[in-house]
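Read through the structure below, which is laid out as structure tokens, and then see the notes.
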Amino acid sequence: MRRMLSRASYSRGRPKSAPLGFIRPCLHTVATKPPIGPGWAHEVKHDGYRLQIHAKDDGRVRLYTMNGAEWTDRYPRIVAEAARLKGAAIIDAEVICEVDGIADFDALQGRTKDHEAIAVAFDLLKRDGEDLRPKPLSERKAALKRLLARCSNAIQYVAHVEGDGPEMFAAVCNLGLEGLVSKRLASPYSSGNSKAWIKTRNPKSPAFMRMSDGT
């Protein structure tokens, strides 16, 4: 019974208005400080919109928001790069606009740089018809890194650091970035709220300021 329930959790939860094949994203839990100890992967959280990339083996591409709305026409650079991937894949990512090498949310929201937007990819949910969600994060990220090995900057692999979360968080804050997402390396991908993904916000970042003043 436990195994059946576990497997069901991977496919459950597609929003009624979302297209067939869309996967409800895994959502982080917010904390005041990053976790410490072994077994955690720490990734930079970029200031952008959540994006799910669906690439077919015939070159067709669809881009979806975290709620399943289709945004394929918005980001031609990402679409063109995803169309060059070998085989089919569903990638969990963030779309950002870079200004001086740092994600600029105002540029993304203003939509004047849609043609320059890029994707920063951090998880691989399906590959050539195989559902990778039951596999541990460490295996999914290794498969994602191989998939994106020859990609241009239009789709970038999000590297992670294992070990000292607080030290990396301090570095992220010094750079003025949005924050840190820490993930259990052994965890499967689960739609909805997850305690295996922990987000620590930089209190001096533009994203935190927007949240504080309600914008």
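- A salt bridge (Lys or Arg N to Asp or Glu O under 4.0 Å) check over residues 62-72, counting only residues at least two apart or in different chains, returns the pairs R62-E70.
- Both V95 and L85 belong to a common hydrophobic cluster when Ile, Leu, Val, Met, Phe, Trp and Tyr are linked at side-chain heavy-atom distances under 4.5 angstrom.
- For T29 (side chain) and S194 (main-chain N/O), a donor-acceptor pair under 3.5 Å exists by modelled atom type.
- Under the 4.5 angstrom side-chain criterion for Ile, Leu, Val, Met, Phe, Trp and Tyr, V99 has no cluster partners at all.
- Identified under the side chain to side chain donor-acceptor pair (under 3.5 Å) test for residues 163-176, with sequence neighbours left out: none.
- No more than 12 heavy-atom neighbours from other residues, nucleotides or ligands sit within 6.0 angstrom of CD1 on I36.
- Distance CD/E178 to SG/C173: 11.0 Å, rounded to 0.5 Å.
- For the pair L63 and T72, the tightest heavy-atom approach, listed with the atom from each and the gap, is N-OG1, 3.0 Å.
- When side chains are defined from C-beta on, I118 counts as touching I96, because their heavy atoms get closer than 4.5 Å.
- Atom NE2 of H160 is separated from atom OG of S138 by 8.0 Å, given to the nearest 0.5 angstrom.
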Report task. Output, in order, the C-alpha distance, side-chain angles, deciding distance and verdict of side-chain contact (heavy atoms from CB on, under 4.5 Å) for N202 and K45. Result -> CA-CA 10 Å; N202 173 9; K45 173 66 177 71; over 6 Å; no
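- Within the model, atoms OG of S190 and CZ of R24 stand 8.0 Å from one another, a figure rounded to the nearest 0.5 Å.
- Scanning all heavy atoms of the two residues, the minimum distance from I198 to A31 falls at CG2-CB, 3.5 Å.
- Annotation: ring-ring contact (aromatic ring centres under 6.0 Å, His included) contacts of H54 (sequence neighbours excluded): Y64.
- Closest approach of A186 and P136 over heavy atoms only: O-CB, 3.7 Å.
- Under the 4.5 Å side-chain heavy-atom criterion for ILVMFWY residues, no single connected hydrophobic cluster contains both V181 and L27.
- Ion pairing of K56 with D58 is absent here, as no side-chain N (NZ or NE/NH1/NH2) approaches a carboxylate O to less than 4.0 Å.
- Residue R50 holds its CZ atom at 11.0 Å from OG1 of T65, rounded to the nearest 0.5 Å.
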Please tabulate, for the side chains in residues 143-158, all donor-acceptor contacts under 3.5 angstrom to protein atoms that are two or more places apart in sequence or on a different chain.
from, atom 1, to, atom 2, distance (Å)
S152, OG, E81, OE1, 2.7
S152, OG, A154, N, 3.3
Q156, NE2, N153, O, 3.1

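- Remark: V44 pairs with H46, M168, V172, L177 by the side-chain contact (heavy atoms from CB on, under 4.5 Å) rule, at least two apart or across chains.
- Taking the side chain to side chain donor-acceptor pair (under 3.5 Å) definition, one finds that S182 meets it with H42, sequence neighbours left out.
- No side-chain heavy atom of Y189 sits less than 4.5 Å from a side-chain heavy atom of L132.
- K113 is linked by a salt bridge (charged side-chain N to carboxylate O under 4.0 Å, His left out) to E116, counting only residues two or more places apart in sequence or in another chain.
- Looking at every heavy atom in both residues, A93 comes nearest to A119 through CB-CB, 4.4 Å.
- Between A41 and L137, the shortest heavy-atom contact is CB-CD2, 4.4 Å.
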Taking only distance into account, with no hydrogens and no angle test, what donor-acceptor pairs under 3.5 Å do side-chain atoms of residues 121-129 form with protein atoms, sequence neighbours excluded?
from, atom 1, to, atom 2, distance (Å)
D123, OD1, R140, NE, 2.7
D123, OD2, R140, NH2, 2.9
R127, NH1, K86, O, 2.6
R127, NH1, A88, O, 3.2
R127, NH2, K86, O, 2.9
D128, OD1, A88, N, 2.8

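- In the hydrophobic clustering of this structure, L51 groups with V79; members are Ile, Leu, Val, Met, Phe, Trp, Tyr whose side-chain heavy atoms approach within less than 4.5 Å, directly or through other members.
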Requested in this report: Report the C-alpha distance between K33 and F169 in whole Å, list the side-chain angles of each, state the deciding distance to 0.1 Å, and finish with yes or no for side-chain contact (heavy atoms from CB on, under 4.5 Å).
Outcome: CA-CA 8 Å; K33 56 184 178 180; F169 180 62; over 6 Å; no
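- Applying the salt bridge (charged side-chain N to carboxylate O under 4.0 Å, His left out) criterion to D104, with sequence neighbours excluded, gives no partner residue.
- Scored by the side chain to side chain donor-acceptor pair (under 3.5 Å) test, D114 finds R111 as partners (sequence neighbours excluded).
- Using a 4.5 Å heavy-atom threshold, the side chains of K141 and L185 count as separate.
- Across every non-hydrogen atom of A117 and Y75, the tightest pair is CB-CD2, 3.5 Å.
- Residues I23 and S191 meet the side-chain proximity criterion, which asks for heavy atoms closer than 4.5 Å.
- Hydrophobic clustering (ILVMFWY, side-chain heavy atoms < 4.5 Å, transitive): V161 and W40 are in distinct clusters.
- For K183, the side chain to side chain donor-acceptor pair (under 3.5 Å) partners two or more places apart in sequence, or in a different chain, are E43.
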